[in-house]
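Keep in mind that this is a model prediction, so the values were computed, not measured. Heavy-atom basis, side chains included; hydrogens, waters and symmetry copies ignored. Just so you know, ligand 1 is whichever comes first in the structure, and atom 1 is the first atom listed for that ligand.
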Amino acid sequence: MRFFNTLGRTLQEFTPIQPGKVRMYTCGPTVYNYAHIGNFRAYLFEDLLRRTLEYFGNQVTQVMNLTDVDDKTIRDSKAAGLKLQDFTRKYKDAFFEDLKTLRIEPAEHYPEATTHIPEMQRMIDILFKKGIAYQSEDGSVYFSIDKFPEYGKLARIDREQQRAGVRINSDEYEKDSVADFALWKAWSETDGDVKWPSPWGDGRPGWHLECSAMSMKYLGKTFDIHTGGVDNMFPHHEDEIAQSEAANGCKFVNYWLHCEHLTVDNKKMSKSLGNFYTLRDLLAKGYTGAEVRWALIGTHYRSKLNFSFGLLDQARNTLRKFSDFFGRLRELPAGSAGKEAAAELAAKADQAFSEGIGNDLGIAEALAAVFTLERNVNSALSKQEFQREAGEIILEQFRKFNRVLGALDVDAAEAAEEIPEEILKLAEARTAARKARDFAKADELRNQMKAAGWIIEDKPGGFSIKKA
Ligand code: AMP
Ligand code: ZN
């Protein structure tokens, strides 16, 4: 496998510290609202990375933090008149639900900032003892970028731009205001009852410190991969490197991977611009998690992706085409005709797929292998060259692809899971009507299903449902 490492801006062969075991940290959501699909583009890229590492035989330990205290969570919990924990709980739950809908594999650890305050304080203490942290007149504790000569190596900020001794208290700031950043923020009126005691007075941790302290706790002082969206590169990841390497005296992370933005009319999809959709907005419009997943993973992670509904419709068509294709393969007549040809096609596709996805998650090449296999098999099917055993070889290959892609419903059970509860109820009512020989009612129920976009077909001993 090769990845483009932001640290150094080159394509590099990937070698984990411990062979076969990968430790990876991904910056998680700030739980003050529902995540939007721009955020999910980042989480889906990280899922694709995780699944690819696993596909190549690695065991992955992934940590994703939940930022449940910062300027925004405090501001909005106050506006909602809720205690911070009660306010963030709702969005944590929603986030986990959304991950499931998008078929994102769960991380091994989801540490919350508010339950790791002692770990963060220990880190500040070390930085203090080393003379790298200092307390200002306002009571907040800052990291002195002057004491870390390598500051700027990730985002490539030269020393001239750095204004040591000038302080910035907010978590997010632009490159042109690079300065000493807050490790511990002294309590102020606007924080209400959100505060923790510390040797430097009541207050709360800075956002950047959270990821340094929690990654160290779960992954050690040096680990393999750290990811996020490109906007995380500065200041967040630059500050994480400074804190961790200054405190621990060793390299923090070997490979940094950043994904480009999901845009709308070429502007970053973001809450502040108001040009966003949540996953829930799209589900309400009738799209499925698998469709959104397919639409968002289909463009290489280092290219911008412009969101449109056309993109989702295209994903829908493609996935439906695949579902029909898998259905045809499952229903082939018994026999072994075409087995060898199928194995040959599958092996060729497998190799092309692995080469593509293993080369910095080359999704275009990987998908080309998938589409080529489908096309070749369809042509064999139209000539009736394949029987069930050949079909099973092909299905098995698609199950393997799907360990990375995660959006295909290769097996009937997976396809059935996508059928909404209400549609299933209509189908069962229709079966009951037919049993009672009330065919008018059965027809009416069939039409109702069709109007909702589902087609029911009778099969010996039951029925099957597919999308219209
Ligand atoms: P936040 O909750 O703002 O810290 O963002 C969570 C994750 O989503 C981070 O990794 C961001 O870099 C990423 N992100 C935010 N907006 C976008 C976007 N429009 N496209 C891709 N990733 C994004
Ligand atoms: Zn982070």
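Against a heavy-atom cut-off of under 4.0 Å, Glu260 is close to the following atoms of ligand 1: 21 (C). Taking every non-hydrogen atom of Met269 and a distance limit under 4.0 Å, the qualifying atoms of ligand 1 come out as 16 (N), 18 (C), 19 (N). Of all the atoms in ligand 1, the ones that sit under 4.0 Å from a non-hydrogen atom of His36 are 16 (N). Close approach of ligand 1 to Gly38 is summarised as follows: ligand atoms under 4.0 Å from at least one heavy atom of the residue are 17 (C), 18 (C), 19 (N), 20 (N), 21 (C), 22 (N), 23 (C).
Closest to atom 20 (N) of ligand 1, if we only count protein heavy atoms, is Leu262 N, 2.7 Å. Here the protein heavy atom with the shortest distance to atom 16 (N) of ligand 1 is Lys268 CE, 3.4 Å. When hydrogens are left out, the protein atom nearest atom 8 (O) of ligand 1 is Asn39 ND2, 3.1 Å; that is the closest non-hydrogen contact. Of the protein's non-hydrogen atoms, the one nearest atom 6 (C) of ligand 1 is Tyr43 OH, 3.1 Å. Counting only heavy atoms of the protein, atom 9 (C) of ligand 1 lies nearest to Asn232 OD1, 3.3 Å. The protein atom (non-hydrogen) at minimum distance from atom 13 (C) of ligand 1 is Ala42 CB, 3.8 Å. The shortest contact between atom 4 (O) of ligand 1 and any protein heavy atom is with Thr30 OG1, 3.8 Å.
The N/O atoms of Asp231, backbone and side chain alike, include one that comes under 3.5 Å of an N/O atom in ligand 1. Considering both main-chain and side-chain atoms, Cys27 never comes within under 3.5 Å of ligand 1 through any nitrogen or oxygen pair.
Atom CG of residue Asp224 and atom CZ of residue Phe3 lie 10.5 Å apart, to the nearest 0.5 angstrom.
Side-chain contact, Thr67 with Asp70: no donor N or O sits under 3.5 Å from an acceptor N or O. Side chains of His261 and Asp231: a donor on one and an acceptor on the other come within 3.5 Å. Residues His258 and His237 bring a donor and an acceptor atom of their side chains to less than 3.5 Å of each other. Side-chain atoms of Tyr91 and Asp68 form no donor-acceptor pair, as typed in the model, at a separation below 3.5 Å.
Aromatic rings from Phe234 and Tyr173 are positioned such that their centres are separated by under 6.0 Å. Remark: aromatic rings of Tyr277 and Phe307 are close, center separation under 6.0 Å.
Under the 3.5 Å distance criterion, the side-chain polar atoms of His109 are left unmatched by any main-chain donor or acceptor of Met64.
Using cut-offs of 30° and 60° on the angle between ring planes, the pair His236 and Trp207 is parallel.
The angle subtended at the Zn ion (ligand 2) by SG of Cys27 and NE2 of His236 is 110°, given to the nearest 10°.
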